[in-house]
Amino acid sequence: MDPKPGICGICFHSPGCGVIAHFDDNNKIEHLEPDPEAPLGSILCPMADSVKEIIYSERRLTHPLKRVGPKGTHEFEKISWDEAFEIIVDKLKETKKTHGPEAVGFYAGTGTYERSFKDVFQLKGSEIYLASSVLFPFGSPNSFGVGAPCYTALGVLAPKLTMGCLHIDMFSDVDNSDLILVWGTDPSSSTPPEMFERLKTAAEEGAEIIVIDPRRTKAADLAGSTWLPIRPGSDGALALGLAHILIRDNLYDEEFVEDWTLGFDEFAAYVKEFTPHHVAAVTGIDEETIETLAESIADAEGASYIMYTGLEYTKSGVQNIRAVMVLWALAGQLDVEGGRCFARLENRLHLNRKGQLETPGYDKSIGSGKFPVYSHYCGGEPHAALLPKSILEGEPYKIRSMFVMGASLLTSWPDPGVWKEALEALDFLVTIDLQLTRDAAYADIVLPATTAFEQESYCYYGNAIRLREKLTEPVGEARPNYQILAELAERLGYGHLYPQSQEELLHYILDGTGFTVEDLKQADKHVLRNGKKKMAYRKWEKGLLRRDGKPGFETPSGKFEIKSTVLEQHGYEGLPKYEESVETPVSNPKLHKRYPLILGTGPFKPDMKSCLRAIPSFMEKYPYPVIEMNAADAEKRRVTTGDTVIIKTARGSVVMRAYVTDKIMEGFVYAPVGGGGPLGTEAWQNANVNVLTDLNQYDEISGFPVYKTLLCQVKHKKRERRRPAAQDPSLGCVG
């Protein structure tokens, strides 16, 4: 089979990187190479090297499964799709009859981020895909999504509350920036990988790059780069301290402040306490550096930032991100050449959303009255952090049946022990994934999903859409997530609400765009693009940010809201105020004495958390999860690279190997997520880092767990336990 251009189907985080697929003699995908002529095709991430291992893994689920062993095991038997759907539908109807439709819940994870799934099943009124509407016609408002612990703070809440737009409605003009701050993210390991290539080019052309992070990421090794280690969680204080200097020295954009902001005077009064001396004590960055950084941002001929989710996971994550946005606006670096810019709305290709379904009643959900701002922007989605109390304690009532699709609750949420109890307590659980998850040990039915290589759909790039052609046949009887839910809807009696075939899907999504399905199929590379309007700056002055065409921002006041009216309406603080998390050296010095290190958790590239843990080459290269620690911290504990260590917090402990490096600040350690599932080496299966976390620490606005600022201790693992404890009567009085 000849090489074929298409779209990468490994992850759903990216809009869809262009690839050329090469095949073996059995017409199976052998390897991928970039397709520079296609959208996002100039470079592929390291995961692309494992494409064959991922698609054709021996651990792929190939048939529907029904439980035959006790809960907590992966003992199943193969069944047909018809039998699986019959069991599911019968159980849902039984639950509805006995307890009401709201007793059924649905959780959608990153494995459901395929574009058509996102667009069709997105909740009406939601600013972004987080959860699935498939149970809304059934009568249940209890639909949850991975947006509850990830991205929504940065991608939706902070920008909507401040500027009335989404994160994806903006971009950093790094191609024209003289100064680029890489703040709390590692673009060298992000998907898609093109941003790091642009960053490398910027460095080669003389741009100054400043990396603000407890870890020295690859961006800090680029020419002309500076690494500013910062105490984890104190980013908001730094942003406020930089704003303090701009206001103190009259370096801010006075015209913008006077004409286009709400709450500046109150903000200026608040940041008076964030002097360089105070901020240096809070962040660990020296006063002179803070002063210089503020001046550099204000004076740069174009300053931009690259940011992802690193700032989200503290008690004031949303406000910390808002503080950075306010800093950029005050510095005059908002929507200018080389700055943080708004995309032109006229250039967007607006896909059809008319068929999206509205919640049958947020007030009937388990989230009613809790995390109201989150639900306000998420189409009435209740927050998933509330699930354990609902299932276990009936607060406000019991969820009794659940779907978990493309997710692993037990390896992604804090306190896996309580989630285990919750899944075990369910009357009925269905999991849907590429391979067995830890959640599946408690499932009654397991359904096999395809990778995106094995399905037809499309990808969306803001101003363009591309047809996704199937590049290989599904493994076994695996089906696309979209098809699974569309058929579930059909069997529940409302399949007409969702397109039931690819042709229907394409007609549905292109409705109103001015393009036809035939246009899409005949276009070069199957890519359709919207007209390109020339870039314009300071769009708020020209009426280019509001739907009504008036000058200003798409906020309730029409202004850039330093003081958010929406936050105040829901009982929150309107200004982007900084607050220490519950468990830091500053807020809890007594606990810090016992647990003297700060723990951060996050992904370990080139894998995708727990999604692809069964890749043999990954396991061969990384057989053990490792915790990164500074040489000074390691020396105090007589730890060297490769040593088996135990990481302890006030909640629990986990065993990993040590990796000693100078690329992490002293006092901070970094441990990978993704362990604890049933796949991979024994070391990974036993290393669920979330046993170190809990559900009691979270951002009150977003509901996001605190993953980045917990206190811990790291010590040598003294010995391996050999067997369960037992009294040995042969020892007599000696024992």
Side-chain angles (χ1 to χ4, degrees), residues 15 39 125-128 154-178 180 195 198 252-264 297-298 300-307 321-322 324-354 377 460-465 512-515 528-566:
S126 175
E127 296 289 346
I128 194 170
L154 169 75
V156 180
L157 304 186
K160 287 293 290 187
L161 291 166
T162 311
M163 296 173 282
C165 68
L166 299 174
H167 181 70
I168 58 172
D169 294 330
M170 303 186 74
F171 66 96
S172 287
D173 188 16
V174 298
D175 298 334
N176 295 301
S177 301
D178 286 341
I180 304 168
M195 178 55 80
R198 294 170 62 194
Y252 65 93
D253 185 339
E254 293 187 56
E255 180 185 351
F256 177 79
V257 165
E258 182 68 27
D259 296 339
W260 303 106
T261 65
L262 179 71
F264 174 76
I297 295 172
E301 294 295 320
S304 62
Y305 62 77
I306 300 172
M307 187 183 294
I321 298 165
R322 292 189 66 236
V324 175
M325 294 173 174
V326 171
L327 168 66
W328 240 252
L330 296 184
Q333 299 293 357
L334 184 64
D335 212 29
V336 298
E337 186 175 12
R340 180 69 180 167
C341 299
F342 296 100
R344 288 205 67 157
L345 297 178
E346 308 97 311
N347 289 331
R348 294 191 79 81
L349 180 64
H350 295 283
L351 302 181
N352 177 34
R353 298 286 191 275
K354 289 182 289 187
Y377 288 114
Y460 177 63
Y461 305 90
N463 67 340
I465 184 173
T513 65
F515 294 111
L528 293 174
R529 289 183 170 86
N530 199 18
K532 183 71 174 177
K533 291 272 187 179
K534 187 178 179 182
M535 184 62 181
Y537 297 108
R538 297 179 70 90
K539 296 180 187 63
W540 56 86
E541 297 176 341
K542 304 173 178 68
L544 297 176
L545 295 182
R546 292 169 57 107
R547 286 187 290 269
D548 60 11
K550 294 180 180 179
F553 295 82
E554 194 70 81
T555 58
S557 66
K559 301 288 185 73
F560 181 99
E561 294 197 354
I562 300 174
K563 185 178 183 181
S564 167
T565 53
V566 174

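What you are looking at is a predicted structure, and each value in this text was computed from that prediction instead of being measured.
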Q: If you measure from the Lys or Arg side-chain nitrogens to the Asp or Glu carboxylate oxygens, is any gap between Asp253 and Arg538 under 4.0 Å?
A: yes
Q: Test Asp335 against every option in Arg340, Lys542, Lys539 by the salt bridge (Lys or Arg N to Asp or Glu O under 4.0 Å) rule and name the one that passes.
A: Lys539
Q: In Å, rounded to the nearest 0.5 Å, how long is the span from NZ of Lys563 to OG1 of Thr565?
A: 10.0 Å
Q: Which distance, rounded to the nearest 0.5 Å, do you find between the CG of Asn176 and the CD of Glu337?
A: 4.5 Å
Q: With rounding to the nearest 0.5 Å, note down the distance linking CD in Glu561 to CG in Leu262.
A: 5.0 Å
Q: Is atom CD of Glu301 surrounded by more than 12 heavy atoms (other residues, nucleotides or ligands) closer than 6.0 Å?
A: no
Q: Could you tell me whether the side chain of Ser177 and the main chain of Ile180 form a donor-acceptor pair under 3.5 Å?
A: no
Q: Show the numbers, then the answer: is there a side chain to side chain contact (heavy atoms under 4.5 Å, CB included) between Met307 and Leu154?
A: CA-CA 9 Å; Met307 187 183 294; Leu154 169 75; 4.0 Å; yes
Q: Hey, is the main chain of Val174 close enough, under 3.5 Å, to the side chain of Ser172 for a donor-acceptor pair?
A: no
Q: Working to the nearest 0.5 angstrom, can you tell me the gap between Arg348 CZ and Asp169 CG?
A: 5.0 Å
Q: For the residue pair Pro551 and Arg546, what are the closest heavy atoms and their distance?
A: O-CD, 3.3 Å
Q: If you define the side chain from C-beta out and look only at heavy atoms, does anything of Cys341 sit under 4.5 Å from Tyr537?
A: yes
Q: Using modelled atom types and a 3.5 Å cut-off, is there a donor and acceptor pairing between side-chain atoms of Arg344 and backbone atoms of Lys534?
A: yes
Q: When the ring centroid of Phe342 is compared with that of Phe171, is the distance short of 6.0 Å?
A: no
Q: How far does CD1 of Ile321 sit from OG1 of Thr162, to the nearest 0.5 angstrom?
A: 9.5 Å
Q: Between Met325 and Leu334, is the side chain to side chain contact (heavy atoms under 4.5 Å, CB included) condition met? List the steps.
A: CA-CA 9 Å; Met325 294 173 174; Leu334 184 64; over 6 Å; no
Q: Is the closest side-chain heavy-atom distance between Thr261 and Phe256 below 4.5 Å?
A: yes
Q: I'd like to know if the side chain of Trp328 reaches the main chain of Gly339, judged simply by a donor and an acceptor atom lying under 3.5 Å from each other, with no hydrogens or angles considered.
A: no
Q: Does the distance from a Lys or Arg side-chain N to an Asp or Glu carboxylate O, for Asp175 and Arg198, drop under 4.0 Å?
A: yes
Q: Any chance you could lay out the side chain to side chain contact (heavy atoms under 4.5 Å, CB included) test for Trp260 and Glu541, step after step, and finish with the verdict?
A: CA-CA 9 Å; Trp260 303 106; Glu541 297 176 341; 4.1 Å; yes
Q: Any heavy-atom pair between the side chains of Phe515 and Ile465 that's under 4.5 Å?
A: no
Q: If you take all heavy atoms of Arg547 and Glu554, which pair is closest and at what distance?
A: N-OE1, 2.7 Å
Q: Give a yes or no on whether the ring-centroid distance for Trp540 and Phe553 is below 6.0 angstrom.
A: yes
Q: Quick one, Arg529 and Leu349 - any side-chain contact, counting heavy atoms below 4.5 Å?
A: no
Q: I would like to know whether Leu327 and Ile297 meet side chain to side chain contact (heavy atoms under 4.5 Å, CB included); could you show each step before the answer?
A: CA-CA 9 Å; Leu327 168 66; Ile297 295 172; 4.2 Å; yes
Q: Whether the side chain of Asn347 engages the backbone of Lys533 through a donor-acceptor N/O pair (distance < 3.5 Å, no angle test) should be reported.
A: yes
Q: Mind checking whether Phe560 and Thr555 have side chains closer than 4.5 Å, heavy atoms only?
A: no
Q: Could you pull out the closest heavy-atom pair between Leu544 and Leu345, with the gap in Å?
A: O-CD1, 3.9 Å
Q: Could you give the distance from CD (Gln333) to CG (Asp173), rounded to the nearest 0.5 Å?
A: 11.0 Å
Q: Who passes salt bridge (charged side-chain N to carboxylate O under 4.0 Å, His left out) against Asp259, sequence neighbours left out?
A: none
Q: When you measure from the side chain of Tyr461 to the backbone N and O of Asn463, does any donor-acceptor pair fall under 3.5 Å?
A: no
Q: Are more than 12 heavy atoms from other residues, nucleotides or ligands located less than 6.0 Å from atom NZ of Lys550?
A: no
